[in-house]
Amino acid sequence: MSAPLRPRPAAPQGPAVLGASANPATSRLLTVGVVGAGRVGAVLGAALAAAGHRVVAVTGTSGASRARLALLLPEVPRRPVSAVAEAATDLLLIAVPDDALAGVVADLADRGALRPGQVVAHTSGAHGLAVLAPAVAVGARPLALHPAMTFTGTPDDLARLAGISYGVTAPAELRALAARLVADLGGVPEWVGETDRPLYHAALAHGANHLVTLVNEATDRLRDAGVARPEKVLAPLLRAALENALRLGDDALTGPVSRGDAGTVQRHLARLAATAPESVPAYLALARRTADRAIAAGRLRPVDAQSLLGVLADTTRQVTA
C-alpha cells in the first residue's frame, strides 16, 4: 500500500516528463483546475496539490462547497466554470454528478473555454470517454479517472486514498499520464474498457451504496426488536462477514438461507410484514439471490432448498405476526 499523501516541494519546470514528449500536460508538475467542489472534487484537488501539482482555480458556490474548500483548498481561488477551464492549462478535472457531466463538457466546448492539448478528465464511474466528445472535437484530450472510494469531503479522506483503485479509461497516448496521476494520488490504476464502464460502476454502486442501505435496514429492525445500541451488535458481525466474503467468496455464506431453513425464513417474513412491510421486498430479493448463489456454490443442495424456494416464491400468501 502506498504511503499517505504528503506535500512535497514543487518540481522544477523543465524536462521532468512521464514519457518522451515534453508537452506540459505530460510533465510531473501540472497546472490544474477543478470543476465541482463536491466531496470528490475537493478531495482530489487537495490530493493533487499535496502531490506537488499547481491547483490554480476551482468552482464552488454553495455553502457546503465553500466550507469544503476552506478546509481542503483554502488558498485556491474560486472562479466561474469557464474561468477555471481557461486557467487549467494542463489538466481540467471535472467532478460533477453523472447526469450533469455531458452538459458541463458541451457548454465549456461551446464557450471556447477548452484548448487543444489540454487534458480534460472526469471522475464519473458510469461514463467513459464518449461523454468528453465535445472536448475532443476542439482538440482537448480525454481521460476518465474514477476513484473507487466513498468520500466525506473532509481532510480525513486524504488518508483513505492511499492504495485505493481508480477505474481508468484512457486513449493509448494518455495511459502513461493516467498512471502517473493515479500514482501521485497514492492509488493503483484499474484499466476499464469504454463499453464496460456502466457494468464497472453498477458493481461498485451495488456493493457500496446498497451496503449502506442494508446496514441501516438491519439497524432499524434491531431497534424495532428493542435493541438499544444496534451498531454495537452489528459492528463485529458485519466486519467479519465482509472480511470473510472478500477472502472466501460464496464459501463465506452462513445463516438460514444457506442451510435451507424454510421455517426460520417464513417466520422472518411474517414478523417483517407485521413490523416493517417496506423491508419485505428487499429481504425476499436478497434471500432469493443468496439461495441461488448457495446452490451454485454447493453450499445448499437443491433437494434441501425446495421448501425454502417455495417460501421465497410464494408472493400470494398472507403473513401475520
Side-chain angles (χ1 to χ4, degrees), residues 32-48 55-73 76-88 90-115 118-154 157 166-170 174 178 181 185 192 194-206 208-210 212:
V32 182
V34 180
V35 172
R39 297 180 181 186
V40 176
V43 170
L44 292 188
L48 288 169
V55 180
V56 295
V58 62
T59 64
T61 57
S62 71
S65 293
R66 291 196 300 270
R68 275 189 288 269
L69 293 175
L71 286 173
L72 292 161
L73 292 167
V76 178
R78 290 186 294 112
R79 297 286 185 266
V81 175
S82 293
V84 172
E86 292 166 358
D90 297 330
L91 172 65
L92 178 64
L93 187 68
I94 304 178
V96 298
D98 293 344
D99 288 350
L101 179 57
V104 170
V105 175
D107 184 63
L108 287 172
D110 290 343
R111 290 173 178 267
L114 306 176
R115 68 190 68 200
Q118 179 185 34
V119 175
V120 178
H122 70 72
T123 61
S124 168
H127 290 288
L129 302 182
V131 73
L132 297 173
V136 174
V138 298
R141 300 190 291 167
L143 179 61
L145 190 73
H146 175 256
M149 175 51 63
T150 184
F151 289 82
T152 63
T154 67
D157 289 337
Y166 286 75
V168 183
T169 304
L174 282 188
L181 284 173
L185 291 166
V192 181
E194 177 76 9
T195 59
D196 290 328
R197 295 290 293 199
L199 183 59
Y200 156 82
H201 194 240
L204 296 183
H206 193 31
N209 304 152
H210 297 170
V212 173

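Not measured: the values here are computed from a predicted model. For reference, positions follow the sequence shown, starting with 1.
With rounding to the nearest 0.5 angstrom, the CG atom of L204 is 8.5 Å from the CG atom of N209. With values rounded to the nearest 0.5 angstrom, H122 atom NE2 is found 8.5 Å from I94 atom CD1. Considering NE2 of H201 and OG of S124, their distance stands at 6.0 Å, rounded to 0.5 Å.
The side-chain heavy atoms of V40 and P147, taken from C-beta on, include a pair separated by under 4.5 Å. With contacts defined as side-chain heavy-atom distances shorter than 4.5 Å, the pair V56/V32 does not qualify.
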Begin with the C-alpha distance, continue with both residues' side-chain angles, and end with the deciding distance and a verdict on side chain to side chain contact (heavy atoms under 4.5 Å, CB included) for V168 and L143. CA-CA 8 Å; V168 183; L143 179 61; 4.0 Å; yes

Under the side chain to side chain contact (heavy atoms under 4.5 Å, CB included) rule, what do L93 and T123 come out as? Steps first, then yes or no, please. CA-CA 8 Å; L93 187 68; T123 61; 3.8 Å; yes

Run the side chain to side chain contact (heavy atoms under 4.5 Å, CB included) check on R79 and E86 step by step: do they pass? CA-CA 10 Å; R79 297 286 185 266; E86 292 166 358; over 6 Å; no

Does the side chain to side chain contact (heavy atoms under 4.5 Å, CB included) test come out yes or no for L91 and L181, once each step is laid out? CA-CA 10 Å; L91 172 65; L181 284 173; 4.1 Å; yes

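Between the side chains of T169 and R197, a donor-acceptor pair is found at a separation under 3.5 Å.
Checking side-chain atoms of R115 against main-chain N and O of A140 turns up no donor-acceptor pair under 3.5 Å. Without hydrogens or angle criteria, D157 side chain to T152 main chain gives a donor-acceptor distance under 3.5 Å. Put simply, the side chain of Q118 never gets that close to the backbone of R141: no donor and acceptor are under 3.5 Å apart. Between the side chain of R68 and the backbone N or O of A37, at least one donor-acceptor pair lies under 3.5 Å.
The two residues V55 and L48 come nearest to each other via the heavy atoms CG2-CB, 4.4 Å. Minimum heavy-atom separation, A126 to D98: CB-OD2, 3.7 Å. Nearest heavy-atom pair, Y166 versus L185, reported as atom, atom and distance to 0.1 Å: OH-CB, 3.5 Å. Smallest separation of non-hydrogen atoms from L69 and A42: CD2-CB, 4.5 Å. Nearest approach of G41 to A95, heavy atoms of both residues: CA-CB, 3.5 Å. Residues V136 and P142 come closest through the heavy atom pair CG2-CG, 3.6 Å.
A centroid separation of 6.0 Å or more is found between the aromatic rings of H146 and H127.
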